[in-house]
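In listed order, ligands and their atoms are each counted from 1.
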Amino acid sequence: MLYHLLYPLHTTISAFNVFRYITFRTIYAVLTAFIISFFLGPWMIRKLSQMQVGQYVRDDGPQTHLKKAGTPTMGGTLIISAVAAATLLWADLTNFFVWIMMLVLIGFGLIGFIDDYLKQVVKRSKGLSGRGKLILQTIVATIIGILLVTHAEFNTQLTVPFFKYLTRDLGWWYVLFAVLVIVGASNAVNLTDGLDGLAIGPVTIASGAYMIFAYVAGNVKLAEYLQIQYVAGCGEVTIFCGALIGAGLGFLWFNAYPAQVFMGDVGSLSLGGSLGAVAVATKQEIVLVLVGGLFVMEALSVIFQVGYFKMTHGKRIFRMAPLHHHFELKGWPEPKVIVRFWIIAIALALLSMSTLKLR
Ligand code: 57M
């Protein structure tokens with residue numbers, strides 16, 4: 001909105017030219033989202049406590065988690081509000097990709113919100129069923145996939161990092177592929193959200209990596225130079241990624257160990273879905289396995305654990321899945337698990353950046 005209000009003034013005052021630049025608007029999107037989530041955080045936590053939106057903690061998990069019972073949850077509503085406000089303030093609102101991002105952020109946020117609301121407020125302890133959640137996620141992701149595939153500036157070519165000549169046109173199958181990426185990312189972030197700051201840290205780190213990918217993919221010269229697919233218009237996604245970083249850092253202030261608030265499904269489903277949609281929109285889908293490698297590790301630990309558990313009628317590979325519980329039960333203090341997982345996330349994000357050069 002500010003872009004539309006302030007940039008036209010450059011004809012009279014040339015300094016307003018600066019609002020044209022994605023880099024400039026991204027910096028302000030980071031700051032705006034940070035300020036919103038940082039300053040509204042305490043108010044939000046008070047409100048959630050008053051509404052008694054306190055976390056129920058399962059007694060079959062690590063015992064150290066029992067003391068977390070009653071921690072306000074659904075803090076994700078603040079993250080979503082901060083990301084949406086900052087994006088709408090600084091991005092070009094005539095840009096197609098900006099609205100795709102709003103759709104995924106709010107669509108997946110609503111699914112999580114309904115789930116949390118049933119669990120926390122209506123006290124229907126289980127919330128939405130796993131199947132119900134998956135169906136709703138698939139519907140929203142399919143809409144996004146169809147919108148992308150039918151968009152004139154978007155192609156359905158799939159490229160593989162490190163192998164510039166390995167491409168394949170998926171045609172309408174791209175919709176299915178996009179659904180897999182978006183729904184998979186959403187659920188993987190949800191599984192990771194089990195220790196203080198464990199999800200929001202790597203989400204912020206991955207957003208940083210995609211901020212760079214989006215900028216490069218949306219810039220015809222840089223995309224050509226680095227030999228990645230150019231996606232006209234996706235440069236504005238850089239601003240959305242910046243908003244994710246700012247809101248994520250502001251939320252981490254309160255979610256850092258010992259957490260004063262959890263993000264809830266409203267946060268984890270929405271943030272994961274958003275990362276998936278960013279990966280698809282920037283045509284850097286496969287590299288998400290690397291950028292979000294930590295989420296992949298957590299999800300795989302669950303798949304292997306559950307598979308093995310069922311096959312062997314009760315035997316386990318890990319002491320408990322997802323993976324972070326395994327290390328907790330091995331005796332690592334919670335902050336150690338969290339910081340070590342962040343370190344892995346940073347290393348993977350840096351490694352993913354090398355795909356830009358190694359082609
Ligand atoms: C949600 N939710 C946290 C909080 C957060 C298939 C199965 C592996 C699924 C998995 C599962 O349900 N995962 C998704 C994980 C919960 O956090 C809430 O949920 C929101 C995210 N959706 O925002 O509102 C608890 O996590 C802790 N927490 C923090 N700090 C945070 O910042 O400490 C969360 C955020 C909170 C709090 O304690 O209460 C969760 O873990 O429930 N299920 C599991 O993860 C369960 N694993 C399991 O059953 N493993 C089995 C295999 C055979 C399936 C095994 O390995 O034996 C574990 N989770 C828990 N207890 N809590 C095990 C038992």
Side-chain angles (χ1 to χ4, degrees), residues 41 44-45 48 53-80 108-109 111-121 125-131 133-134 137 186-204 248 251-273 295 297-330 333-335 337-338 341-342:
M44 179 77 158
I45 294 170
L48 291 169
V53 185
Q55 182 71 46
Y56 154 79
V57 175
R58 283 168 52 169
D59 55 11
D60 55 348
Q63 293 302 301
T64 45
H65 282 246
L66 294 176
K67 61 178 188 295
K68 292 171 184 258
T71 307
T73 183
M74 294 178 80
T77 25
L78 179 62
I79 308 178
I80 295 177
F108 276 68
I111 302 170
F113 185 88
I114 297 170
D115 188 36
D116 285 334
Y117 191 82
L118 291 175
K119 275 191 270 191
Q120 311 294 341
V121 183
S125 64
K126 292 244 160 79
L128 278 176
S129 68
R131 202 188 152 95
K133 250 192 278 189
L134 199 61
Q137 287 175 309
S186 176
N187 288 319
V189 171
N190 185 35
L191 287 173
T192 307
D193 191 26
L195 296 181
D196 301 349
L198 189 66
I200 198 64
V203 162
T204 307
F251 179 75
L252 181 59
W253 187 272
F254 306 104
N255 184 228
Y257 181 86
Q260 295 158 267
V261 65
F262 298 152
M263 66 169 79
D265 278 17
V266 56
S268 60
L269 295 185
S270 167
L271 292 175
F295 306 123
M297 250 166 56
E298 292 268 32
L300 285 180
S301 75
V302 170
I303 293 169
F304 288 132
Q305 178 90 328
V306 175
Y308 192 72
F309 189 85
K310 284 188 178 155
M311 256 164 47
T312 57
H313 304 289
K315 283 196 185 154
R316 290 179 165 83
I317 302 173
F318 303 103
R319 295 190 184 190
M320 191 182 280
L323 198 58
H324 51 262
H325 285 321
H326 172 76
F327 291 108
E328 274 193 294
L329 292 179
K330 271 184 81 168
E334 183 173 341
V337 183
I338 299 161
F341 276 37
W342 285 352

Protein heavy atoms near [atom], is at least one of them under 4.0 angstrom away?
atom                    : answer
atom 25 (C) of ligand 1 : no
atom 45 (O) of ligand 1 : yes
atom 42 (O) of ligand 1 : no
atom 8 (C) of ligand 1  : yes

Tell me the protein heavy atom at minimum distance from [atom], and give that distance in Å.
atom                    : value
atom 11 (C) of ligand 1 : L191 CD2, 4.2 Å
atom 63 (C) of ligand 1 : M320 SD, 3.5 Å
atom 12 (O) of ligand 1 : R58 NH1, 4.6 Å
atom 18 (C) of ligand 1 : Q55 OE1, 3.5 Å
atom 51 (C) of ligand 1 : A321 O, 4.3 Å
atom 38 (O) of ligand 1 : H65 ND1, 2.7 Å
atom 1 (C) of ligand 1  : N190 O, 3.9 Å

Location of contacts on [X] toward ligand 1, heavy atoms closer than 4.0 Å:
X    : value
R316 : side chain
D60  : both
D193 : both
A259 : neither
H325 : side chain
L195 : backbone
Q305 : side chain

For atom [atom1] of [X], decide whether the heavy atoms of other residues, nucleotides or ligands shown that lie under 6.0 angstrom number more than 12.
X    : atom1 : result
F318 : CZ    : yes
W342 : CH2   : yes
F113 : CZ    : no

Over all atoms of both residues, closest heavy-atom pair of V189 and S268:
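Smallest heavy-atom distance, with atoms named: CG1-O, 3.6 Å.
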
Atom of Q260, atom of P72 and distance for their closest heavy-atom approach
O-CD, 3.3 Å

What side-chain hydrogen bond (donor to acceptor under 3.5 Å, both in side chains) pairs are there with at least one residue in residues 297-324, not counting sequence neighbours?
E298-H324

Polar proximity ligand 1 side, V261 side, N/O cut 3.5 Å exclusive
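No: no nitrogen or oxygen of V261 is under 3.5 Å from one in ligand 1.
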
Evaluate V306 for polar contact with ligand 1, using N/O atom pairs at a separation under 3.5 Å.
no

With [atom] as the reference point, say which of [options] has the nearest heavy atom.
atom                    : options                : result
atom 32 (O) of ligand 1 : I303, I338, N255       : N255
atom 27 (C) of ligand 1 : G307, P62, G194        : G194
atom 19 (O) of ligand 1 : L323, D265, I317, D115 : D265

Heavy-atom contacts with T73 under 4.0 Å: which atoms of ligand 1 show up? List them by number with element.
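The list of qualifying atoms is 24 (O).
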
